[in-house]
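I have placed the structure first, in the form of structure tokens, so that the comments after it can refer back to it.
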There are 2 protein chains.
Amino acid sequence: MPDRTRGPNGPFPRPRYGARPTMKDVAARAGVGLKTVSRVVNGEPGVTAETEHRVREAITALGFRRNDSARVLRKGRTASIGLVLEDLADPFYAPLSRAVEEVARDHGALLLNGSSAEDPARERELVLALCARRVDGLVVVPAGGDHRYLEPETAAGLATVFVDRPGGLIAADAVLSDNFGGARDGVAHLVAHGHRRIGFLGDQPRIHTATERLRGYRAAMAAAGLPVDASWVSLGPTAPDRVRAETERMLTGPSPVTALFTGNNRVTATAVRVLARHPRPVALVGFDDLELADLLTPAVTVVAQDASRLGRTAAELLFRRLDGDAGPPRHEELPTRLIARGSGELPPADGTSG
Amino acid sequence: MPDRTRGPNGPFPRPRYGARPTMKDVAARAGVGLKTVSRVVNGEPGVTAETEHRVREAITALGFRRNDSARVLRKGRTASIGLVLEDLADPFYAPLSRAVEEVARDHGALLLNGSSAEDPARERELVLALCARRVDGLVVVPAGGDHRYLEPETAAGLATVFVDRPGGLIAADAVLSDNFGGARDGVAHLVAHGHRRIGFLGDQPRIHTATERLRGYRAAMAAAGLPVDASWVSLGPTAPDRVRAETERMLTGPSPVTALFTGNNRVTATAVRVLARHPRPVALVGFDDLELADLLTPAVTVVAQDASRLGRTAAELLFRRLDGDAGPPRHEELPTRLIARGSGELPPADGTSG
DNA sequence: TAGAGGCTGGACAACGTTGTCAACAGTGGG
DNA sequence: CCCACTGTTGACAACGTTGTCCAGCCTCTA
């Protein structure tokens, strides 16, 4: 039987990287000491050009690449940060994540990320896995409402910034959009165009942004002296089936609405599809911008958040913390912007508005 | 002057995680040996319930969390993979990246990722940084055309799968869409609806998918016996300004087209905006699906790729490699799907088609 | 020519974990 | 009563890097 490559570690094939040359190998080949190789690799002073040249030659000859795991172990800093959000593929979160990545890059850090799928247990599992990797800091779009599990980590020095939603039961930095004000302005826009019966279709009530936007809706209605029928408000999963059913219910029920405010990009996309098939025009304002929203008929009026800026702001705050800023937890709120394109300006179509 | 916490490492503040309890601390507190703690943490057998209980208590009391950097150093595997693509925020790549993440998760691995911004130097820099972290494998959407720099890495055991585009000058796995066939079918669709003057607006010629799709366009034109005027083909950056100018040029030049085939999602989005303002109807088929494409007037006909499946297939292939599959480099090609929605069925509007 | 001081280079320990191996206690059989 | 055996436990080295510290050499000055 041929000699399987079984090292001192038992019957398993030696680790994939077992064959990798180390600084020791480079040192041996260049005929210098270990530390001299380290100096060259890290650009430290105190090496003659001649020695450096020999070392560099050995490095390329052997294909040496420094093992950052060992470096991290020794130095205590990993130069990497973690990002946990709901869904990397969501058109709202994708630019946020790209922005975090850019800032990380500017600080020489790599980005580890994962999607929680809006599941608190999965969020926790991901976050703790990232902690085990000893990321220097975390940017988190929280799915759960209790982040006390982070306390030992933050006590040990982990920096955490929550983004899009605040963390729960923990004092921590947060960067949020003005969800309340944005929704209020969006609904006020509908009111200003004569609507009195306005529906609110939002995400699950345990999500902070959903309840804040609902609050904005109620505030706008109250400010206009308009009653809110219980059948006009619907919070729940954003699965297309549910949103479709709820939209149709609001349009055709005993107390039909003449306008809709939709609580996020996914809800808006589904609602637009329902409205496109509906016999009478229904006004619509949605939270979050959509690609091509300007090309629909009517073009969709939205309350736009700057996802990229959310991510950038959060990441910059995180790196300020990593650079030693130890002030009290900071909450930043970014403005939203109403982009009127037409769908919010349709007049009520049922004659009940007077 | 107060005594700055300067450890044995010099004037720098001790690493953030310096305060972290280690297995040694846990062992001391539980009154057991180091290795016993390791056994408990890793669920290895050979520990009595009573001992395990004491260890677990110490772990929670101290807030211990295993340091995976040290573990990695010892074990040689990092249980993490890297993903390098053009832009995490692009609606085409976001689902791809999410799919890779899901597969990684199923295999207990974390995902490190970065955007190359279509810059070969940046791609290389990112890839090598990931190699230094000793990711177990890499999924790469290549920006550059020369990946010989990966040779020392693959020789040392790094598994690499290219996705969306093949790697250059290196024998490696690749998972691609049928770009040629998809474009050919899309253009044939336009031909079938009477078009003879069809423009092709694509990405930069150094990008493999761009030239493959152009090849498909030419094949469809040739198959229909149609000449291709040089002014009908434009490859270049997908910046909206350029695409807008090129679209207008093709529509109004001396030899105007009656239909357009657009080479990717960004180009399509810009072209649709130009066509919406154009006086006469122009047929359009685009490569890549767009959210809400079905709601535009006319609804946009597309050649859809399954980005999610591309990512999943690539990641699964990567993990098969990590599990020991050492066969020759594999090239998988995934089918595309023509989704006819109307914009491709507009008849030629200039009377020159006869 | 001796001594000081600067520059270069290397030996060694430490980071926190896991694999190896040996020691130990307890059990049952001869 | 001893021995073999099983099951539990811990001491120790090693993973690859970096920080500390010291040794040797060279140059310059008195």
Side-chain angles (χ1 to χ4, degrees), chain A residues 6-12 14-28 30-55 59 62 64-79 132-134 156, chain B residues 6-12 14-28 30-55 59 62 64-79 132-134 156:
Chain A
R6 55 169 68 194
N9 284 349
F12 301 102
R14 270 301 286 155
R16 241 140 238 296
Y17 284 104
R20 287 229 99 149
T22 72
M23 284 193 178
K24 205 164 137 188
D25 301 322
V26 174
V32 302
L34 189 54
K35 181 65 206 199
T36 299
V37 177
S38 172
R39 274 193 267 260
V40 170
V41 169
N42 294 293
E44 288 170 25
V47 181
T48 44
E50 146 69 8
T51 308
E52 172 168 352
H53 182 71
R54 282 219 314 284
V55 170
I59 287 177
L62 296 174
F64 167 80
R65 186 105 43 216
R66 182 178 63 197
N67 183 333
D68 274 357
S69 294
R71 173 167 225 252
V72 158
L73 178 60
R74 184 62 232 243
K75 302 202 75 141
R77 280 275 197 127
T78 58
R133 301 294 164 114
R134 296 294 187 269
Chain B
R6 56 168 68 193
N9 285 349
F12 301 103
R14 270 301 287 154
R16 244 139 236 298
Y17 285 104
R20 288 228 96 148
T22 71
M23 285 192 178
K24 204 164 139 190
D25 302 321
V26 174
V32 302
L34 188 54
K35 181 67 207 199
T36 300
V37 177
S38 172
R39 273 193 269 260
V40 170
V41 168
N42 294 295
E44 288 170 26
V47 180
T48 47
E50 144 69 7
T51 309
E52 173 168 352
H53 183 70
R54 282 217 315 284
V55 171
I59 286 177
L62 295 174
F64 167 80
R65 186 107 43 218
R66 182 178 63 197
N67 183 331
D68 275 358
S69 294
R71 172 168 226 251
V72 158
L73 178 59
R74 185 61 233 244
K75 302 201 74 140
R77 280 273 197 130
T78 58
R133 300 294 162 114
R134 297 293 189 268

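Sequence lines set the chain letters: A, B, ... in the order given, protein chains first and strands last, and positions in each chain run from 1. Every heavy atom of this structure was used, including side-chain atoms; hydrogens, water molecules and symmetry mates were not.
- Looking at which nucleotide of DNA chain D each of B:G46 and A:E44 is closest to, the 5′-most match is held by B:G46.
- When distances are taken from the side chain of B:A70 to each of C:dT18, C:dT17, D:dG16, the shortest belongs to C:dT17.
- Residue contacts shown for B:R39 include a base, since a base heavy atom lies under 4.0 Å away.
- Using a 4.0 Å heavy-atom criterion, one finds that B:S38 contacts the bases of the nucleic acid, with or without backbone contacts as well.
- Residue B:N42 is classed as a sugar-phosphate contact, given heavy-atom separations below 4.0 Å to backbone atoms only.
- Checking B:R66, B:R71, B:R65 one by one against B:D68, the side-chain hydrogen bond (donor to acceptor under 3.5 Å, both in side chains) holds for a single residue, B:R66.
- Here C:dA11 is the nucleotide among C:dT17, D:dG10, C:dA11 with the atom lying nearest to any side-chain atom of A:K35.
- Among the atoms of the strands shown, none is found under 4.0 Å from any heavy atom of A:V72.
- Looking only at side-chain heavy atoms (C-beta outward), B:T22 and B:N67 stay at 4.5 Å or farther from each other.
- Residue whose closest nucleotide on DNA chain D sits further toward the 5' end, between A:K24 and B:P45: B:P45.
- Distance from the side chain of A:V47 is smallest to C:dG9 among C:dG16, D:dT9, C:dG9.
- Across all strands shown, B:V41 has no heavy atoms under 4.0 Å from either base or sugar-phosphate atoms.
- Under 3.5 Å, the side chain of B:R71 and the base of C:dT17 form no donor-acceptor pair of N or O atoms.
- Residue A:R74 places none of its side-chain N or O atoms closer than 4.0 Å to OP1 or OP2 of D:dC15.
- Considering only side-chain N and O atoms, B:T48 lies under 4.0 angstrom from the phosphate OP1 or OP2 of D:dT9.
- Annotation: side chain of B:R39 is not in contact with side chain of B:T51 (no heavy-atom distance under 4.5 Å).
- Side chain of A:V32, nearest nucleotide from D:dG16, C:dG10, C:dT17: C:dG10.
- Looking at heavy-atom distances under 4.0 Å, A:T51 makes contact with sugar-phosphate atoms alone, never a base.
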